[in-house]
Amino acid sequence: MNYFPNVPTIPYEGPQSTTPFAFKYYDPDRVVHGKPMKDHLKFAMSYWHTLCAGGSDPFGRDTMARDYGQEDPMARAKAKADAAFEFMQKLSIPYFCFHDADIAPEGKDFAETRKNFWEIVEYLEGKMKETGIKLLWGTANCFNHPRYMHGAGTSCNADSFAFAAAQIKNAIDATIRLGGQGYVFWGGREGYETLLNTNMELELDNMARLMHMAVDYARSKGFTGDFYIEPKPKEPTKHQYDFDTATAMNFLRKYGLEKDFKMNIEANHATLAGHTFQHELHTAAINGAFGSIDANQGDSMLGWDTDQFPTDVYSTTLCMREVIKAGGFTNGGLNFDAKVRRSSFTYDDIALAYIAGMDSFALGLLKAYEIEEDGRIDEFVRNRYRSYEEGIGKEIKEGRATLEQLEAYTLEHGEAVMESGRQEYLESVLNSILFRGV
């Protein structure tokens with residue numbers, strides 16, 4: 001069955017194209033700085049928002065049909081997989097990501113749920129062999145079910161903790177079987193609403209215990225990929241334990257997990273934390289924890305996680321500049337954790353949204369390399385800190401300066417002479433590169 005009958009195999013037609021179903025900037029095989037564009041970007045389809053989201057919100061029910069013509073839950077799961085691989089082939093998307101609950105229906109108990117899950121994992125494995133499409137990373141949905149109302153790894157109920165661990169074990173096994181090189185912990189409900197009923201220390205200790213269990217188990221099964229934390233500051237809980245990259249790094253270092261975990265940075269989560277996407281990526285990179293990206297954007301006029309498709313080329317350019325400076329992706333990639341708007345309810349809209357997002361990141365990649373080649377911004381930053389390359393600054397940088405020495409230096413040299421940060425000039429340089437040729 002053709003689930004996207006109006007969507008052709010999407011060609012690259014170039015920036016002048018007006019064809020809706022065509023890439024304007026994403027040319028998968030175009031070589032950019034020594035490797036194909038597809039290898040720089042490593043696009044992935046999110047199974048959940050792409051194939052499962054029905055358009056519901058707190059004020060309205062579903063607006064989108066996502067039953068794939070099947071009433072039986074297992075038949076629907078297989079039809080959904082068929083639709084997924086048709087879609088990825090048509091858009092030349094080489095990877096996908098999943099939660100366990102996305103791909104298979106829940107059964108009457110855990111045993112039946114596990115049976116359903118493994119039947120669909122086997123089905124996905126067959127589709128992957130047919131198409132060559134790969135798994136980027138897997139994860140378990142330990143936040144949606146009522147058993148996780150108080151959290152999963154941080155639950156006050158040991159049975160909920162055990163259930164989450166069982167889900168995670170199977171999701172890790174599936175990730176390994178399907179060749180994924182990443183496993184994500186997104187603490188959807190790993191946080192609290194009030195300290196009046198919360199033992200924060202025990203909750204954090206237990207979360208770390210669960211992560212250590214996962215690492216030990218996966219490594220014992222031969223998993224050599226990365227584990228990721230996906231920071232988010234709020235929503236659904238008011239105080240989430242993975243607030244931002246810096247908070248997550250503090251957690252990892254406290255519990256000795258920093259060697260196995262990196263960050264899966266989501267743009268919209270950065271916004272909710274009061275940071276820019278660029279800031280979160282940079283913080284991860286300078287802490288040796290740059291891993292993967294959930295590509296989307298938020299809305300500055302809305303205070304929640306809107307998960308819109310990324311079309312802001314300023315954001316994608318600055319994102320890809322950080323990716324380039326971090327040395328590019330290894331096990332990670334760009335997963336479109338984004339959903340079409342509630343009123344964009346057709347299957348065609350999904351394809352059009354992905355085209356827009358993929359083009360935005362392709363253009364961002366090209367412009368990021370133009371910034372590097374132009375060199376003015378990097379040169380300005382180097383010059384701004386040049387006082388640390390000689391004299392007293394070099395002694396400070398190398399850890400040789402003492403307070404007494406710095407006091408004597410200040411007495412001798414007097415007041416510091418300041419220089420402008422020239423933010424507005426640098427922003428105009430960025431504009432001149434983004435809109436070069438206009």
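At a cut-off of 3.5 Å, with distance as the only test, a side-chain donor of Glu203 or Tyr241 sits close to an acceptor on the other residue.
Asp359 contributes a side-chain N or O that, together with a main-chain N or O of Lys24, makes up a donor-acceptor pair within less than 3.5 Å. Asn287 contributes no side-chain N or O that, together with a main-chain N or O of Ala289, makes up a donor-acceptor pair within less than 3.5 Å. Remark: side-chain polar atoms of Asn206 are not paired, donor with acceptor, to backbone N or O of Gly153 under 3.5 angstrom. Within the 3.5 Å criterion, the main-chain N or O of Trp48 finds no donor-acceptor partner in the side chain of Ser46. Panel note: side chain Asn170, backbone Gln167; no donor-acceptor pair is recorded below 3.5 Å. A donor-acceptor contact shorter than 3.5 Å is absent between the side chain of Thr50 and the backbone of Met45.
Relative to the ring axis of Tyr68, Arg76 does not place its NZ or CZ within 45° and under 6.0 Å from the centre. Geometrically, Arg30 does not engage Tyr12 in a cation-pi contact, judged by NZ or CZ lying under 6.0 Å from the ring centre and within 45° of the ring axis. Under the 6.0 Å distance and 45° angle rule, Lys42 counts as a cation-pi partner of Tyr95.
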*Begin from the C-alpha positions of Phe87 and Phe4 and carry the test ring pair (Phe, Tyr, Trp, His ring centres under 6.0 Å) through to its verdict.*
CA-CA 7 Å; Phe87 182 77; Phe4 295 86; 5.1 Å; yes
*Between His150 and Asn157, does a side-chain hydrogen bond (donor to acceptor under 3.5 Å, both in side chains) hold up when you go through it step by step?*
CA-CA 8 Å; His150 303 307; Asn157 185 303; over 6 Å; no
*Run the side-chain hydrogen bond (donor to acceptor under 3.5 Å, both in side chains) check on Glu190 and Thr154 step by step: do they pass?*
CA-CA 6 Å; Glu190 313 296 15; Thr154 62; 2.5 Å; yes
_Under the criterion salt bridge (charged side-chain N to carboxylate O under 4.0 Å, His left out), I'd like the reasoning laid out for Asp72 against Lys78: C-alpha separation, chi angles, the key distance, then a yes or no._
CA-CA 10 Å; Asp72 175 75; Lys78 291 177 181 178; over 6 Å; no
*Might you work through the salt bridge (charged side-chain N to carboxylate O under 4.0 Å, His left out) test for Glu370 and Lys367, ending with a clear yes or no?*
CA-CA 5 Å; Glu370 285 187 36; Lys367 290 298 179 180; 3.5 Å; yes
*Checking ring pair (Phe, Tyr, Trp, His ring centres under 6.0 Å) for the pair His212/Tyr217: CA distance, chi angles, key distance, verdict?*
CA-CA 8 Å; His212 273 293; Tyr217 177 77; over 10 Å; no
*Would you please test Asp102 and Asn141 for side-chain hydrogen bond (donor to acceptor under 3.5 Å, both in side chains) and show each step?*
CA-CA 8 Å; Asp102 304 327; Asn141 182 327; 5.3 Å; no
*Assess whether side-chain hydrogen bond (donor to acceptor under 3.5 Å, both in side chains) is satisfied between Asp244 and Thr247, documenting all intermediate values.*
CA-CA 5 Å; Asp244 61 4; Thr247 306; 2.6 Å; yes
*asked:* Walk me through whether Asp260 and Arg219 qualify under salt bridge (charged side-chain N to carboxylate O under 4.0 Å, His left out).
replied: CA-CA 10 Å; Asp260 290 288; Arg219 299 301 185 216; 2.9 Å; yes
*Could you go through the salt bridge (charged side-chain N to carboxylate O under 4.0 Å, His left out) check for Arg147 and Glu106 one step at a time?*
CA-CA 13 Å; Arg147 75 175 69 89; Glu106 186 176 15; 3.4 Å; yes
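When Leu365, Thr316, Ile377, Leu281 are each tested for a side chain to side chain contact (heavy atoms under 4.5 Å, CB included) with Arg321, only one passes: Ile377. The only option from Phe21, Phe336, Phe361, Tyr26 that meets the ring-ring contact (aromatic ring centres under 6.0 Å, His included) definition with Tyr354 turns out to be Phe336.
Side-chain rings of Phe329 and Phe290 approach one another, their centers coming within less than 6.0 Å.
The side-chain heavy atoms of Thr245 and His275, taken from C-beta on, include no pair separated by under 4.5 Å.
Under the salt bridge (charged side-chain N to carboxylate O under 4.0 Å, His left out) criterion, Asp29 pairs with Lys38, sequence neighbours left out.
Nearest approach of Lys80 to Cys52, heavy atoms of both residues: NZ-SG, 3.5 Å.
A perpendicular orientation is assigned to the rings of Phe163 and Phe110, their planes being inclined by more than 60° (bins at 30° and 60°).
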